[in-house]
2 protein chains.
Amino acid sequence: MGPSGRMNDSTKTTTAEALLGMLSVGAKSGYELKGFIHQSIGYFWNESFGQIYPTLKRLEKDGLVVATEGERSGSKVYALTEAGRERLRAWLGMMPRAQVMRNEMLLKLFFGSQVAAATMRSHVAQYRDQRFAEVQTYSGIRARIQSRFAGHPALPYWLITLNWGQIEAEALLRWSEETLVTLDAMVEAGR
Amino acid sequence: MGPSGRMNDSTKTTTAEALLGMLSVGAKSGYELKGFIHQSIGYFWNESFGQIYPTLKRLEKDGLVVATEGERSGSKVYALTEAGRERLRAWLGMMPRAQVMRNEMLLKLFFGSQVAAATMRSHVAQYRDQRFAEVQTYSGIRARIQSRFAGHPALPYWLITLNWGQIEAEALLRWSEETLVTLDAMVEAGR
DNA sequence: TCCGTCATGTAAATGGTTACATGATTCG
DNA sequence: CGAATCATGTAACCATTTACATGACGGA
């Protein structure tokens, strides 16, 4: 399997790296970063202002980004420095740490026998509606970015992450439908 | 779609509810809870000792659980009280809040154009191996619990959550395989 | 006796969200 | 002029992980 496989040096705080990554696409203000993150990687990542602004200051102090005056008074536009780009590349080379996820809906479902089946059915129905909406969104995004970023070197990677979201949403939509059938039978059976 | 749909009363701290749920299956010590959580819902939930012990004390103070002496000296076995079971049921009835997930591997992939395609290939290969191992695990678990808990009222719900994990793992395994093909082509093309 | 596991706990650090405070600019 | 949006920041709070400290018990 090749001589690869550097260990994770436990470079914590991925918020910094997420911001560096976003700035590698182009210079942005803190406010713009939030919106950009939301509409591009929002389905698997998010950041809040309370996290963005302090992190940006820290990155500037460390020389990984430089701030220049924005058009509005008091607004700042941040750009990646060479050191920042280097840091980003180093982080990209490290093995991603496996993440610990928490799914509240599944937790409830696991204890489902404690309440009426109809209760769990409504939770799963809501979950299905969310997955359905997601699937719809993905086809829209795909069409838009494929024409808007044709030829862009990052496009293949953006489509790969988009595929991830779409395949996951479709799979969980199928699970939802199957599960609703099971739960309907249980509601019918009256337990 | 029926008259259901209570809003989430923002009852934070689901750790408490996770523990109440686990205790609804049977009385356990803090130590046992950790192991039980790991091997039953470990693929979508986890708790650490630093969280379990203080939470258990709080639940006891609030009268939601009662502690009795365990067999070993100093060990405590916690059991759900009627109030605890009531609290659990109330929580199960509330709509699960949508969760904000963070996937570090996808974040790196999104910025993949900043480094060699081979780097991203190795990340995805690791991801694929993890999903593959997961799929293997699930079929093992299914066989075990289906015979061990035949007739148990919670079994249908346990199988439903297990299905979720299996369907997700299988879908992401497929995504990994597809993505590896794409990345191999990009490595070949030398960019 | 020593190791591994069972067992409980605390302290510190971390990472993150939420709420709040403030103000500029744009558009109807 | 007022509302929406653009824009920056801080403080408080919260949940969670990690590391550490301690000790009982069983078996090799």
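Per chain, numbering begins at 1; letters A, B, ... match sequence-line order. Below, each value reflects all heavy atoms present in this structure, side chains not excepted, and no hydrogens, waters or symmetry copies.
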No-hydrogen, no-angle side-chain donor-acceptor test under 3.5 Å, [X] and [Y]:
| X | Y | answer |
| --- | --- | --- |
| E47(B) | W45(B) | yes |
| E32(B) | S29(B) | yes |
| E17(B) | T14(B) | no |
| Q114(B) | R85(A) | yes |

Nucleotide nearest [X] (side chain, heavy atoms from C-beta), chosen from [options]:
| X | options | answer |
| --- | --- | --- |
| P54(B) | dT5(C), dT10(C), dG9(C) | dT10(C) |
| S29(A) | dA7(D), dA15(D), dG9(D) | dA7(D) |
| Y31(A) | dG9(D), dT5(D), dG16(C) | dT5(D) |
| F49(A) | dG16(C), dT8(D), dG9(C) | dT8(D) |

[X] [atom1] - [N] [atom2] separation (whole Å):
| X | N | atom1 | atom2 | answer |
| --- | --- | --- | --- | --- |
| K61(A) | dG9(D) | NZ | P | 15 Å |
| E47(A) | dG9(D) | CD | P | 16 Å |
| K34(B) | dT18(D) | NZ | C1' | 11 Å |
| E104(B) | dG15(C) | CD | C1' | 13 Å |
| Q51(B) | dC14(D) | CD | P | 13 Å |
| I52(B) | dT18(D) | CD1 | P | 14 Å |
| E69(B) | dC6(C) | CD | P | 19 Å |
| R97(B) | dC14(D) | CZ | C1' | 11 Å |

Answer yes or no: does a side-chain N or O of [X] lie under 4.0 Å from OP1 or OP2 of [N]?
| X | N | result |
| --- | --- | --- |
| T15(A) | dG16(C) | yes |
| K57(B) | dT8(C) | no |
| N46(B) | dT17(D) | yes |

| task | Applying salt bridge (charged side-chain N to carboxylate O under 4.0 Å, His left out), run through R174(B) and E177(B) and close with a yes or a no. | result | CA-CA 5 Å; R174(B) 258 183 293 115; E177(B) 303 288 4; over 6 Å; no
| message | Determine whether the aromatic ring centres of residues W175(A) and Y127(A) are separated by less than 6.0 angstrom. | response |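 Close enough - the centres of the two rings lie under 6.0 Å apart.
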| query | Heavy atoms, side chains only, cut-off 4.5 Å: are M22(B) and F110(A) in contact? | reply |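 Contact flag for M22(B)/F110(A) side chains = yes.
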| Taking a pair as Watson-Crick (N1 to N3 plus N6-O4 or O6-N4) or G-U wobble (N1-O2 and O6-N3), both under 3.5 Å, which stems of 3 or more consecutive pairs involve DNA chain C? |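 As far as DNA chain C goes, consecutive pairing (with distances under 3.5 Å) yields the stems C:1-28 with D:1-28.
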| task | Return the orientation label for the F111(A) and W91(B) ring planes: parallel under 30°, perpendicular over 60°, tilted otherwise. | result | tilted
| How far apart are the C-alpha atoms of E104(B) and R97(A), what are their side-chain angles, what is the distance that settles it, and do they pass the salt bridge (charged side-chain N to carboxylate O under 4.0 Å, His left out) test? | CA-CA 7 Å; E104(B) 201 174 306; R97(A) 47 185 167 151; 2.8 Å; yes
| Name the one of V25(A), I41(A), L23(A) that satisfies side-chain contact (heavy atoms from CB on, under 4.5 Å) with F36(A)? | V25(A)
| query | Which sits closer to the 5' end of DNA chain C, V100(B) or E32(B), going by the nucleotide each is nearest to? | reply |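 Taking each residue's closest nucleotide, the earlier one in sequence belongs to E32(B).
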| message | Base, sugar-phosphate or nothing for G50(B)? Non-hydrogen atoms, less than 4.0 Å. | response | base
| message | Please classify the nucleic acid contact of S75(A) as base, sugar-phosphate, or nothing, using heavy-atom distances under 4.0 Å. | response |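 Contact class for S75(A): sugar-phosphate only.
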Short heteroatom pairs, N/O only, protein and nucleotides 25-28 of chain C, under 3.5 Å:
residue, atom, partner, partner atom, Å
dT25(C), O4', R72(A), NH1, 3.3

